[in-house]
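We use all heavy atoms of the structure for the numbers below, so side chains are in, but hydrogens, waters and symmetry mates are not. Fair warning: this is a prediction, and the values are worked out from it, not measured in the lab. Residues: numbered from 1 along the sequence shown.
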Amino acid sequence: MNILSIQSQVTFGHVGNAAAVFPLQRLGMTVWPVHTVLFSNHTGYPDWEGMVTPPETVAQILNGLERRGAFDKCDAVLTGYIGDPALGAVVADAVRRIRSVNPGMIYCCDPVMGDVGRGLYVREGVPDFMRDDALALARIITPNQFELEYLTGTSVEDVEDALAAARALLAKGPEQVLITSFQRKSAPPDVIEMLLVTRDTAWLTQTPRLSFPVPPNGSGDAVAALYLAHYLRDGDARLALEHATAAIFALMTETAKKAERELALVEAQDSFAEPSLQFEAIALT
């Protein structure tokens, strides 16, 4: 399987492509990474250096890939952090061009915009691109709870709220909504959940909540990549959710052992490729 991954890139740590490319490769996928930013480290730290990749540069790279015949062989596009709304237009154009020659291509959009406690952390115009353009193009969308609430303009406190919000997104075009960090008030305090909603049904997974000195960034980027890889392999949303849940728990368990801020991707590679623990997806509808 060939995946075009258009995301941020950091040299130190693991977010964006630095969190997604290696897991995809470890699971047997061929990845063509295109970087939307080039930063020294992720923006969760007090400072960073680097630049947002100019939209024209990204467009040139994508044009070059097209001339190599990559668009015809592209099984999926995965996008994450978009540093500039003009870059969103470049991404949308590329998705349309790939789909015109390969209608079965799956576009998985991780609508990276913000998080609980931090609020929005993207440039003005990027949320508009996510809401007005990306939703209509994507087959799979993987928001965290903050992004789900922002995209729908609703508050999510329980399962019914989450299902209603996810279905509001499905009505805009996607076939699947994976809420990567579902935090409902009625959930036990010692678990963390993911909720997958399709046009037919919904599934919930739970894993133990792990403790970190500083919660690592990049877990959402890794989840989106892991889910996409397993969905491409299995073609079954429930199985892909179960496999991705087991894989991210294995990765986070190894990260917790290190007691460091960055994801332990290399150390956990065998664990997330072949997790020892499995978690059943519970059907909700």
Engineer: Side-chain contact, heavy-atom cut-off 4.5 Å: Leu196 with Tyr227?
Structural biologist: yes
Engineer: To check you understand the geometry: which heavy-atom pair defines the closest contact between Leu265 and Pro23, and what is its length?
Structural biologist: CD2-CG, 3.8 Å
Engineer: With a 4.5 Å limit on heavy-atom distance, are the side chains of Arg96 and Arg99 in contact?
Structural biologist: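 The answer is no; the side chains never approach within 4.5 Å.
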Engineer: So for atom CD, which belongs to Glu267, do other residues, nucleotides or ligands contribute more than 12 heavy atoms lying within a distance under 6.0 Å?
Structural biologist: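 Result for CD/Glu267: enclosed.
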Engineer: Under a 4.0 Å threshold between the charged nitrogen and the carboxylate oxygen, would Lys258 count as salt-bridged to Glu254?
Structural biologist: no
Engineer: Specify the closest pair of heavy atoms between Ser271 and Ala250, including all atoms of both residues, with the distance to one decimal.
Structural biologist: O-CB, 3.5 Å
Engineer: Hey, does Thr207 have a side-chain heavy atom less than 4.5 Å from the side chain of Met252?
Structural biologist: no
Engineer: For Ala19 and Asp221, which heavy atoms make the closest approach, and how far apart are they?
Structural biologist: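 For Ala19 versus Asp221, the nearest heavy atoms are CB-CB, 4.0 Å.
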Engineer: Kindly confirm or rule out a cation-pi arrangement of Arg139 over Tyr231, judged by NZ or CZ under 6.0 Å from the six-membered ring centre and within 45° of its axis?
Structural biologist: no
Engineer: Would you mind telling me which of Glu157, Glu160, Glu193 makes a salt bridge (Lys or Arg N to Asp or Glu O under 4.0 Å) with Arg184?
Structural biologist: Glu193
Engineer: For a quick check under 3.5 Å, do Ser5 and Asn17 share a side-chain donor-acceptor pair by atom type?
Structural biologist: yes
Engineer: Using a distance-only test with no angle check, is there a side-chain donor-acceptor pair under 3.5 angstrom linking His42 and Glu262?
Structural biologist: yes
Engineer: Could you tell me if the side chain of Asp128 sits less than 4.5 Å from the side chain of Pro85, heavy atoms only?
Structural biologist: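 The answer is no, as the side chains (C-beta and beyond) never meet within the 4.5 Å cut-off.
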Engineer: So does Gln278 have more than 12 non-hydrogen atoms from other groups sitting under 6.0 Å from CD?
Structural biologist: yes
Engineer: Name the orientation class of the two ring planes belonging to Trp48 and Phe39 (parallel below 30°, tilted from 30 to 60°, perpendicular beyond 60°).
Structural biologist: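 Rings of Trp48 and Phe39: tilted, 30 to 60°.
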Engineer: Measure the shortest side-chain to side-chain distance between Met130 and Ile82 over non-hydrogen atoms and say whether it is less than 4.5 angstrom.
Structural biologist: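 Touching, per the 4.5 Å side-chain cut-off.
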Engineer: Can you tell if the side chain of Leu151 reaches within under 4.5 Å of the side chain of Leu169, non-hydrogen atoms only?
Structural biologist: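 Result yes, sub-4.5 Å side-chain heavy-atom pair found.
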Engineer: For the residue pair Ser8 and Thr36, what are the closest heavy atoms and their distance?
Structural biologist: N-OG1, 3.1 Å
Engineer: Do the non-hydrogen side-chain atoms of Leu241 and Phe279 ever get within less than 4.5 Å of each other?
Structural biologist: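 Sidechains of Phe279 and Leu241: no contact.
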Engineer: Can you name the closest pair of heavy atoms from Ala268 and Leu251 and give their distance?
Structural biologist: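 The pair with the smallest heavy-atom distance is CB-CD1, 3.8 Å.
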Engineer: Test your reading of the model: is there a side-chain donor-acceptor pair from Thr154 to the backbone of Glu149, 3.5 Å cut-off?
Structural biologist: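 The answer is no, because no donor-acceptor pair under 3.5 Å joins these two groups.
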Engineer: Which heavy atom of Val10 sits nearest to which heavy atom of Asn41, and what is that distance?
Structural biologist: CG1-C, 3.6 Å
Engineer: What I'd like to find out is whether the side chain of Trp32 reaches to under 4.5 Å of the side chain of Cys74, using heavy atoms alone.
Structural biologist: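 Answer yes - side chains close enough.
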